There are 2 protein chains.
Amino acid sequence: MNEPHPTRPDYEAELRKTGVRITRPRKVILSILSDAGDHPDALEIFKRAVEIDSGISLSTVYRTMKLLEEIGAIHRHAFEGGPSRFEPAGEEHHDHLIDIETGDVIEFHSARIEELQEEIARELGYDIVRHRLELYGRKRRAGRSARGG
Amino acid sequence: MNEPHPTRPDYEAELRKTGVRITRPRKVILSILSDAGDHPDALEIFKRAVEIDSGISLSTVYRTMKLLEEIGAIHRHAFEGGPSRFEPAGEEHHDHLIDIETGDVIEFHSARIEELQEEIARELGYDIVRHRLELYGRKRRAGRSARGG
DNA sequence: AATGCAATTGCAAATCGTTTGCAATTAGAG
DNA sequence: CTCTAATTGCAAACGATTTGCAATTGCATT
């Protein structure tokens, strides 16, 4: 068995805390998010949800994602091109490397880069509110030396 | 007055080079881009264009931006929230700090960050094809040390 | 367990930024 | 100046997301 995330988020608790109803559609969506190891978009979440309860609508998925984002339970990422993709907010801060061939997302973190960002902003007279660092790349061809091909 | 860009791009030449027609609408749009010191979006370019030639359509602006992007004459940036914004491709590579209050864009560059990005990607087994580093912040309240000017 | 009502839903229509099909116009080679 | 393919404006189509609305439902209350 593989743990999708180090910190399994208890979304229902988070929702209750904000005085929001735990409805059937929300339960389904929340369960999907809980064990999503990837970074699905709204449509993908919708598809997974329909398999569990065919009555769920795409609007509800969008509404739920917005709700979860507002209470800070998930993060929304608008990677180049595609629709927004989501991930639980539990983990600690990280940036993303997107495989431009597969769409796979790899998380990474660099304290040094963060420091440099702060430094740059400071020098420009700004306070960073949030930032976005995305690397778009492709898997390096293993084996022979660096060659085009 | 003020030089919008260190390197004033000769868009018409670039277009001619790719065997594309220099039409009236294109001339207008190109002239706007040439002395745009900011990072306007398509609608903004359209508005400026209409002041010069009221016959220009928004579709043509979009088509021209796409064309210029394809030949590598401009860069498109999809900053959080808003529509794509454009800038001449002439300058050397840089990233962006976006003032979340005004929408102003400040350009910066950090060789060190670039290096670190490469290093990270390499360690993850990837080659970076492109990347995106955006800082979203607000002007620091002029406390004591730094003074805005 | 039944009640009541605001929160939530599904649906369809609306929205926003952008692209596209098409018939009319036009740049620019000959 | 002629010719034709490239380009245009327009409106309609687009994909992702949001919204109005009437019907439904969670859940605090009896």
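Keep in mind it's a predicted model, so treat the numbers as computed, not measured. Naming convention: chains lettered A, B, ... in sequence-line order (proteins, then strands); numbering from 1 in each chain. Values below: every heavy atom of this structure, side chains too, minus hydrogens, waters and symmetry copies.
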Worksheet item: Can any side-chain N or O of S34(A) pair as donor or acceptor with the backbone N or O of L30(A) at less than 3.5 Å?
Response: yes
Worksheet entry | K66(A) side-chain N/O to dT17(D) phosphate OP1/OP2 under 4.0 Å | no
Practice prompt. Give R26(A) one of three labels, base, sugar-phosphate or nothing, depending on what nucleic acid heavy atoms sit under 4.0 Å from its own.
Written response: sugar-phosphate
Worksheet item: T64(A) or P83(B): which one's nearest nucleotide on DNA chain C is closer to the 5' end?
Response: T64(A)
Worksheet item: Looking for any heavy atom pair under 4.0 Å, which part of the strands does G82(B) touch: base, sugar-phosphate only, or nothing?
Response: nothing
Discussion item. Could you tell me the boundaries of the chain A footprint on DNA chain C, defined by atoms under 4.0 Å from its heavy atoms?
Written reply: dA6(C) to dA12(C)
Discussion item. Side-chain heavy atoms nearer than 4.5 Å, only ILVMFWY residues, links allowed to pass through others: does that put V28(B) and Y11(B) together?
Written reply: yes
Discussion item. So that I know where these two stand, are H96(B) and F79(B) an aromatic pair - ring centroids less than 6.0 Å apart?
Written reply: yes
Practice prompt. Tell me yes or no: between the side chains of H94(B) and H75(B), is some donor less than 3.5 Å from an acceptor?
Written response: no
Discussion item. Can you measure L68(B) atom CG to dT7(D) atom P for me and round it to whole angstrom units?
Written reply: 12 Å
Discussion item. If you count heavy atoms of other groups shown closer than 6.0 angstrom to CZ of R24(A), is the number above 12?
Written reply: no
Practice prompt. Using the ring of Y136(B) (Phe, Tyr or Trp, six-membered ring only), decide whether R130(A) places NZ or CZ under 6.0 Å from its centre and within 45 degrees of its axis.
Written response: yes
Item to complete: Assign each of S59(A) and L43(B) to its nearest nucleotide of DNA chain C by heavy atoms, then name whichever residue's nucleotide is nearer the 5' end.
Response: S59(A)
Response to the item:
Between CD1 of I22(B) and P of dT7(D) the distance, given in whole Å, is 9 Å
Item to complete: Grab the CD1-P distance between I56(B) and dT7(D) for me, whole Å please.
Response: 15 Å
Practice prompt. Nearest whole angstrom, please: distance from the P of dA11(D) to the CZ of R63(B).
Written response: 14 Å
Fill in: H77(A) and E87(A): side chain donor to acceptor below 3.5 Å
yes
Worksheet item: Separation of L67(A) atom CG from dT19(D) atom C1', in whole Å?
Response: 16 Å
Item to complete: Measure the distance from OH on Y62(B) to C1' on dA13(D) and round it to the nearest whole Å.
Response: 15 Å
Worksheet item: Separation of K27(B) atom NZ from dA6(D) atom P, in whole Å?
Response: 19 Å
Worksheet item: How many Å lie between CG on D53(B) and P on dT7(D), as a whole number?
Response: 17 Å
